[in-house]
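These values consider heavy atoms only, across backbone and side chains, with no hydrogens, waters or symmetry-generated copies.
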Amino acid sequence: MAESAAHPVFQLGRARYDQGSFLGRLRHFIDVIDPSTLFVSEKELASCIKLLDDYKHGTLPSGVSDHQLWEAQKVKQAIIHPDTGEKIFMPFRMSGYVPFGTPFVIGLLLPNQTVLSTIIWQWLNQSHNACVNYANRNATKPTPTSKFLQGYVGAVSSAVSIAVGLNVLIQKANKLSPATRMIIQRFVPFPAVASANICNVGLMRHTELSEGVDVMDNNGNVVGSSKIAARHAIMETAFTRMVLPMPVFVLPPIIMSYLERLRFLQSNRRLMFPIHSVVCLVTFALSLPVAISLFPQMSQIEVSRLEPEIAMATDCKVVTYNKGL
């Protein structure tokens with residue numbers, strides 16, 4: 001089949017779109033977070049895996065198109081972890097991040113938060129984030145349960161502390177008018193979540209820093225384990241988690257402040273919460289693929305920048321590692 005923009009010639013394990021460009025990564029990650037893959041049955045998943053196995057072993061039935069192979073790989077990559085080969089629990093898949101995470105975003109952006117409600121929503125949000133970070137980590141090295149629990153407690157504690165601290169500071173700002181104070185409070189979730197997200201990624205994946213992550217040559221063979229590559233992976237992931245909350249926690253308060261002035265909504269206050277929920281959902285759904293497209297999942301790094309033992313183990317100038325999501 002001739003290569004086309006819509007359906008290029010299938011390559012097992014490769015991305016359908018150019019990962020060297022932001023637009024290519026954006027198209028790739030729109031596939032990765034496609035919520036329709038949440039409804040794939042066990043039978044359909046097994047069929048997709050078999051189709052890819054048949055391709056790998058040269059026993060592919062006639063009539064199978066490149067489009068079918070790309071779709072099969074999309075389904076497998078959305079559900080199966082690339083390192084462990086195991087299914088990712090549905091709420092912790094990247095395709096489930098928006099559907100399962102939106103209620104927490106809505107809760108965090110509700111007006112007139114108390115200290116207790118702030119603690120509850122931050123705990124729920126960072127608990128979900130911690131599980132997503134862990135489920136989509138580079139898993140080439142095993143992580144003990146004790147390490148996971150330590151990271152989880154640290155991540156949630158940092159989130160709650162930052163959010164509560166900011167709220168207390170605002171409440172004590174006597175010079176601010178009540179209206180100004182309420183507006184600022186609606187923006188508190190952004191710095192709280194952004195800084196907590198960075199802590200979350202670092203703490204949930206800190207084992208990678210001490211153990212390193214596997215790096216692979218051009219043929220996909222593991223040539224060594226690199227702590228330097230692990231550091232790059234975590235820094236890149238943390239940066240995306242810092243960028244992601246910008247539109248998610250900044251745009252809805254701005255949009256809602258305008259919508260709340262509309263005469264129609266002022267006379268139909270019961271519609272405020274559903275509209276607020278839709279605004280949060282749409283903003284989250286648009287922001288996620290943009291944020292995670294900043295870096296490719298399978299990142300490359302020059303061997304000269306890694307440990308000397310890795311340079312001695314391969315003739316390749318560049319190696320690849322799974323950054324995680």
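- A pairwise comparison of heavy atoms in L26 and V290 identifies CD1-N, 3.9 Å as the closest pair.
- The pair R16-E71 meets the salt-bridge criterion, with a side-chain N (NZ, NE, NH1 or NH2) lying under 4.0 Å from an Asp/Glu carboxylate O.
- Here the side chain of H57 pairs a donor or acceptor atom with the backbone of D53 at under 3.5 angstrom.
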Derivation and outcome, side-chain contact (heavy atoms from CB on, under 4.5 Å), residues C280 and L109: CA-CA 9 Å; C280 290; L109 289 172; 3.7 Å; yes
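- Distance CD/Q300 to NE2/H232: 13.5 Å, rounded to 0.5 Å.
- Distance check: I292 CD1 to T237 OG1 gives 10.5 Å after rounding to the nearest 0.5 Å.
- Of the residues listed (V98, L281, T283, V248), the one engaging V105 in a side chain to side chain contact (heavy atoms under 4.5 Å, CB included) is V248, and it is the only one.
- Of all heavy-atom pairs spanning M242 and P245, the tightest one is O-CD, 3.1 Å.
- When atom types are taken as modelled, the side chain of E307 and the backbone of I228 share a donor-acceptor pair closer than 3.5 angstrom.
- Proximity of W121 to L124: side-chain heavy atoms (C-beta onward) are separated by under 4.5 Å at one or more points.
- Considering all non-hydrogen atoms of both residues, S226 and A229 come closest at OG-N, 2.9 Å.
- A135 and I88 get closest at one heavy-atom pair: CB-CG2, 3.8 Å.
- V243 and L286 fall into different hydrophobic clusters, where Ile, Leu, Val, Met, Phe, Trp and Tyr side chains are chained together by heavy-atom contacts under 4.5 Å.
- Side-chain contact between D214 and D83 is absent, with no heavy-atom pair separated by less than 4.5 Å.
- Across every non-hydrogen atom of I33 and A285, the tightest pair is CD1-O, 4.4 Å.
- Side-chain atoms of Q19 come within 3.5 Å of backbone N or O of Y17 as a donor-acceptor pair.
- Using a 4.5 Å heavy-atom threshold, the side chains of L69 and H67 count as separate.
- Atoms CD and OG1, from E44 and T37 in turn, are 11.0 Å apart once rounded to the nearest 0.5 Å.
- For the atom pair CD1 (I275) and CD (E260), the distance works out to 10.0 Å, reported to the nearest 0.5 Å.
- Classified by interplanar angle (parallel below 30°, tilted 30° to 60°, perpendicular above 60°), the ring pair F92/F89 is perpendicular.
- The structure places OH of Y97 at 3.5 Å from CG of N129, a figure rounded to the nearest 0.5 Å.
- Residues Q297 and P82 form a side-chain contact, since some pair of their non-hydrogen atoms from C-beta on lies under 4.5 Å apart.
- A donor-acceptor pair under 3.5 Å is formed between the side chain of S277 and the backbone N or O of F273.
- Annotation: side chain of F29 is not in contact with side chain of M94 (no heavy-atom distance under 4.5 Å).
- Proximity of a side-chain donor or acceptor of S299 to a complementary backbone N or O of P296 within less than 3.5 Å is detected.
- The closest donor-acceptor contact from the side chain of Q122 to the backbone of S161 lies at 3.5 Å or more, if one exists at all.
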Pair M216-V223, side-chain contact (heavy atoms from CB on, under 4.5 Å): steps then yes or no: CA-CA 6 Å; M216 295 158 283; V223 296; over 6 Å; no
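- Note that the CD atom of E309 and the OG atom of S225 stand 9.0 Å from one another [nearest 0.5 Å].
- The aromatic rings of F10 and W70 sit perpendicular, their planes meeting at an angle over 60°, well past the 30° parallel limit.
- The backbone N or O of F284 sits nowhere less than 3.5 Å from a side-chain atom of S287 that would complete a donor-acceptor pair.
- Under the 4.5 Å side-chain heavy-atom criterion for grouping Ile, Leu, Val, Met, Phe, Trp and Tyr, V160 is connected to L108 within one hydrophobic cluster.
- Panel note: side chain S210, backbone T207; a donor-acceptor pair is recorded below 3.5 Å.
- Within a 6.0 Å radius of CZ in F239, other residues, nucleotides and ligands contribute 12 heavy atoms or fewer.
- Y134 and V153 fall within the same hydrophobic cluster, where Ile, Leu, Val, Met, Phe, Trp and Tyr residues are linked whenever their side-chain heavy atoms come under 4.5 Å apart, directly or through other members.
- Looking at I80 and L45, their side chains come closer than 4.5 Å, going by heavy atoms from C-beta outward.
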Residues Q73, R14; criterion side-chain contact (heavy atoms from CB on, under 4.5 Å); working and verdict: CA-CA 9 Å; Q73 182 162 275; R14 300 292 182 91; 5.6 Å; no
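- Between the side chain of R25 and the backbone N or O of L294, at least one donor-acceptor pair lies under 3.5 Å.
- Across I301 and Y321, no two heavy atoms sit closer than the pair CG2-CE2, 3.8 Å.
- Counting non-hydrogen atoms of other residues, nucleotides and ligands closer than 6.0 Å to CD of Q266 gives a total above 12.
- A heavy-atom distance below 4.5 Å is not found between the side chains of D66 and P8.
- The hydrophobic clustering, which links ILVMFWY residues whose side-chain heavy atoms are closer than 4.5 Å, places I79 and L51 apart.
- In terms of modelled atom types and a separation under 3.5 Å, the side chain of R241 and the main chain of I198 share no donor-acceptor contact.
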Residue pair Q77, V75: steps toward the side-chain contact (heavy atoms from CB on, under 4.5 Å) verdict: CA-CA 6 Å; Q77 289 179 339; V75 168; over 6 Å; no
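- For the pair K87/R93, a side-chain contact is recorded, criterion being any heavy-atom separation below 4.5 Å from C-beta on.
- Both cation-pi conditions hold for R261 and Y258: the charged atom is under 6.0 angstrom from the six-membered ring centre and inside a 45 degree cone around its axis.
- Taking 4.0 Å as the cut-off between side-chain N and carboxylate O, D54 and K50 count as a salt-bridged pair.
- Hydrophobic clustering places L110 together with W123 (ILVMFWY residues linked when any side-chain heavy atoms are closer than 4.5 Å, directly or through intermediates).
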